[in-house]
Colleague: 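This structure is in structure tokens; I'll ask about it shortly.
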Amino acid sequence: MILSEKTVKKINDKLSKYPKAKGMILPALTLAYKQLGYVDNEIYIEISEIINVPQLEIAEAASFYTMFPKKPRGKYLLQVCNNISCALLGADAMVDRLEEKLAIKRGETTDDGLFTLISVECLGSCCTAPMIQINDDFHENLTRQKLDELLEGLKNGK
Amino acid sequence: MAEAVKEKILAVATITCTIDGQQITVPKGTSVFYAARQIGIVIPAFCNHDKLKPVGACRMCYVEIEKMPKLQVSCATTATDGMVVSTNSQQVREGRKAVIEFTLINHPLDCPTCDKGGECDLQDLTFSHGYDDSRFGFNKMRFIEEEKRDTFDDLKIGPEIVLNRNRCILCYKCVRANKEAFGEYDIGAFERGDLTEINATPGGEVSNPFSGNLVEICPVGALTNSDWRYKIRVWLTKTVPSICNFSGSGTNITFYKEDHKNFVYRVTARCNDAIDDGWLSDITRYGYQIVNSESRLKTPLIKKGGKQVKASWDQALAVIKKHMGEIKDQSGGVCIGGLISPSLDNASLYSFSKLFRTIFKSNNIDFRGDYRYLPSVTDSPFTIAASQPFSIADIEKSDVIITFGTDLIREHHNEYLKIRRAVNFFEATAYSVNPYAVKTADIAKSEMVYSPGTDELVINGICLAAIEKKLVDSSAAAKLKPKISKLSLSELTKQTGLGKEQFKELAEAISSAKKITFIVGEIVARSLERDKICAALSNLNKLFGVQDKGQLAVLSRYANSKGAQKLGLSATPYEIVKAELKKIWGEYPDCQPRNTDSMINLMKKEEIKGFITVGTNPMRLYPDRGFASEGLEHVDFLVACDMFETETTELADVVLPLCSWAEYDGDYINLEGKVQTGKQAIKPKYEAKAAFEIMELIASQSGVKLFENEQSRNEEIEQLLSLNSVLPWPDDFLEIDYDKKSSRDDYPVPLFICDDPHHSGHLTEKSPSLLNFSDSAYVELSKGMAAKIGVADGEPVRVESPVGKIVVPAKISRVLNSDVAIIPRNFSSTQTTSLLMRKKRVDSVKLTRVEE
């Protein structure tokens with residue numbers, strides 16, 4: 001089992017709240033994602049056995065939602081907004097800078113497993129563009145210097 | 001009362017709308033698409049399928065509806081009163097053109113190399129509704145598997161299915177059919193937007209027993225069939241309407257053949273709502289391959305000095321004449337016996353019976369080569385139950401469906417799908433009552449698994465529960481009670497392993513049903529105590545009046561089992577059939593009738609010296625291989641007619657090559673009693689002959705003609721078929737005696753021998769496609785059972801019974817949940833029936849892990 005006992009228990013506890021087990025697919029995936037930071041086929045099979053829904057239906061649902069990562073991600077997920085406001089104010093240059101500093105391309109994870117870099121659509125913070133979301137936090141009104149500091153801070157575990 | 005009135009109102013509620021200027025009245029709830037079809041207007045569509053729920057995915061079925069601002073998809077729009085629809089206005093035509101243009105954005109224009117070309121919906125509708133140009137100049141999107149780039153983007157997603165995602169137009173028909181109609185979850189739609197793709201479950205393949213249908217309903221060349229693709233273009237073939245020879249219900253099919261090569265290329269559905277809804281099982285779809293098989297028997301063979309050598313028909317017939325003549329002259333015709341396959345057509349069966357009864361003057365014939373010990377009585381409860389009328393279409397109309405002692409996915413595919421349809425589309429309630437968990441149970445309201453060998457006790461339990469809850473007529477209850485209450489309800493729960501609540505649930509379901517379908521299957525029919533079980537069913541039928549509000553029958557398993565019964569092919573035919581035969585022939589042998597079991601017994605005593613088998617293989621199928629082989633080895637002169645070399649033909653003195661059903665016109669009676677014709681698709685291959693010709697030839701050796709001509713034969717058959725062959729149930733309740741189960745601890749696991757879901761009988765292993773799905777025997781075990789003996793999936797298991805031992809790999813079942821073992825009987829490489837004993841009710845085995 002990849003899923004921890006705690007996660008399995010949480011899934012089982014929630015299961016009874018849904019009149020149809022199928023409704024439990026997304027909550028179960030979310031719980032698995034919270035534990036592991038990603039979901040993949042082995043997880044679908046495990047969830048399928050717990051909630052008794054065909055593996056296929058879980059795989060279909062998970063693949064539809066791009067916010068379930070299908071591969072393990074770095075400790076810090078750097079999501080750079082690339083929509084209009086951010087783009088006009090240098091989002092591309094920001095991504096280039098990050099690619100250069102982390103020595104990875106968009107969508108990749110650093111070898112030390114610390115950072116994953118992706119570019120995303122609008123995060124709703126246009127008035128403070130350009131911006132980046134790191135895990136659950138927004139970092140706004142970025143400049144090159146601010147970005148470098150941010151990165152150093154994360155590397156040093158701040 | 002109120003309930004009845006409500007129903008009446010609902011039933012007749014209709015609406016009237018106008019489509020293209022024509023007024024039409026349709027039942028409420030009908031979609032515009034089907035309302036239009038009723039007046040002959042065919043609206044083009046890709047994603048709509050008559051047997052599936054609408055999704056409105058393809059947008060091709062646009063119509064204009066007055067007062068609606070935009071075009072509407074007719075498949076998902078319900079027709080309402082006063083609606084004015086136009087299906088061919090300027091706006092609609094433009095709309096369809098746009099849909100085709102959008103559909104073609106990413107669809108490759110590879111029609112010249114696409115196997116669907118010529119029967120492709122997209123091709124056809126583009127011609128009739130599309131533009132001749134496209135405004136989308138950019139590159140088409142391609143799905144490319146990096147390592148498979150050279151295979152033209154084709155992806156093998158199942159043993160017989162090839163997927164090309166570039167061609168897919170995302171109508172979702174395959175995914176919907178798989179889930180809605182078949183209840184299978186091995187193909188799905190992944191990702192979203194323009195990246196959406198159809199694919200097999202990650203890590204899995206599309207190999208369900210109905211997978212071939214997905215290819216057939218695909219409107220483009222996205223799903224193709226490795227069996228058919230790149231062999232021939234569809235317009236070079238001719239079609240022949242026929243029926244399936246592997247199913248008891250006579251699935252309607254179309255053969256695609258090519259005359260110069262005398263070759264059948266494929267089989268597709270020929271939708272018959274009363275039988276198959278247009279869905280074919282893979283057995284039906286790929287089973288035709290046996291017709292083309294290279295390994296067929298090509299000429300007659302004669303045994304010379306212990307070896308079978310090729311011979312001409314004349315030589316073979318001369319040998320038959322000599323030996324059969326000798327046996328008849330020296331010991332009499334009663335020393336000749338015969339066994340024929342119930343999958344053969346009426347003419348063959350009837351000729352066989354006439355040959356034996358009028359020329360050999362023998363009553364030693366049977367068609368049930370895979371039923372162990374059957375008593376020779378005409379009106380046994382089993383015979384009565386098996387003669388009851390049944391309608392496949394009525395399954396859909398029933399509100400309560402009970403399947404008892406039947407593993408439908410291994411026995412009756414059409415009925416299996418009809419039940420799914422009844423539950424998924426018409427809100428029927430299904431109950432599955434079986435000695436082991438079966439696939440049908442996933443749609444059942446309750447699944448009840450009783451201990452093997454207690455079938456009649458389960459029925460008694462239902463009756464007692466109904467009496468206890470006063471659900472049935474009290475006078476009938478008073479009459480029945482003393483006959484079955486040897487064991488009390490609580491005692492029955494102990495014996496059967498079912499709870500009191502479950503008995504009550506079933507009793508309530510049966511008594512409250514408005515229309516009921518009660519299906520009894522092969523697990524009962526093959527049981528040694530089939531008569532006792534059917535006697536209990538007779539009581540149940542009488543107590544609840546099941547047949548007054550529905551149907552109850554033991555389904556017959558093979559293509560023409562019903563025909564065989566009606567034409568008097570058992571040793572003891574129905575009395576009226578016997579009387580009619582006497583009338584037609586002017587004679588009827590008065591010697592002792594012998595069925596399969598007693599014939600084999602007599603072979604050992606050398607009282608049956610000559611034996612003819614036609615299209616059947618008792619060595620493989622008789623549920624006691626040792627018994628059958630000992631018998632057949634004792635026979636002085638064995639004639640075996642078959643399409644292939646089998647265990648039985650190996651023993652034969654004369655082997656005659658038999659035609660497949662695709663090589664001659666034949667009538668077959670399905671399990672409903674409906675006569676259907678299987679049309680000849682190709683000329684007989686090699687030197688094979690149809691069974692009725694062979695019978696005629698054998699008869700002519702004695703200087704007699706069986707029939708004046710074909711017409712007189714058909715008239716005689718017609719005369720027999722016109723008889724009412726439904727036997728009446730006994731007037732009284734029957735006493736069910738109870739004998740204590742003797743269980744042997746050293747062989748603790750009950751064994752069931754049945755068909756693999758991808759095979760039927762002994763012929764389908766000659767079909768290469770079906771072998772791709774399943775090619776050798778296995779022992780299917782529950783997860784718990786496998787853990788108990790410590791084997792993982794695929795590891796070898798030693799299966800031992802008191803009389804035999806085989807080693808087969810374990811297959812861990814997703815369905816089974818009790819300690820039973822299931823082994824398929826379809827593969828010649830494993831002598832499955834050698835584990836069985838012919839006088840045993842429940843065979844049991846010991847399972848052990850084979851140490852490497």
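Predicted model, so just to flag it, every value in this text is computed and none were measured. Keep in mind that the numbers below use all heavy atoms, side chains included, and drop hydrogens, waters and symmetry copies.
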Colleague: Please check if atom NZ in A/Lys75 has more than 12 non-hydrogen atoms from other residues, nucleotides or ligands closer than 6.0 Å.
Modeller: no
Colleague: Measure across A/Leu56 and B/Ile187 and return the closest heavy-atom pair with its distance rounded to 0.1 Å.
Modeller: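 Closest approach of A/Leu56 to B/Ile187, heavy atoms only: CD2-O, 3.2 Å.
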Colleague: I'd like to know whether NZ of A/Lys70 has more than 12 heavy-atom contacts from other residues, nucleotides or ligands below 6.0 angstrom.
Modeller: yes
Colleague: Go through the atoms of A/Glu42 and report whether side chain, backbone, both or neither lie under 4.5 Å from a heavy atom of chain B.
Modeller: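 Interface part for A/Glu42: neither.
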Colleague: Could you tell me which of A/Tyr44, A/Phe64, A/Tyr65 has the largest number of non-hydrogen atom pairs under 4.5 Å with chain B?
Modeller: A/Phe64
Colleague: Could you check if a side-chain atom of A/Glu57 sits within less than 4.5 angstrom of a side-chain atom of B/Tyr185, using non-hydrogen atoms only?
Modeller: yes
Colleague: In plain terms, say whether A/Glu60 and B/Arg192 are close enough for a salt bridge, that is, a side-chain N and a carboxylate O under 4.0 Å apart.
Modeller: no
Colleague: Using a cut-off of 6.0 Å, state whether more than 12 heavy atoms not belonging to A/Lys71 lie near its atom NZ.
Modeller: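 Counting other residues, nucleotides and ligands, NZ of A/Lys71 stays at 12 neighbours or fewer.
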Colleague: Check this for me: B/Lys51, atom NZ, are more than 12 non-hydrogen atoms of other residues, nucleotides or ligands nearer than 6.0 Å?
Modeller: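 Result for NZ/B/Lys51: enclosed.
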Colleague: Of all heavy-atom pairs between A/Ser63 and B/Phe190, which one has the smallest distance, and what is that distance?
Modeller: OG-CA, 3.3 Å
Colleague: Is the number of heavy atoms from other residues, nucleotides or ligands under 6.0 Å of A/Ile84 CD1 greater than 12?
Modeller: no
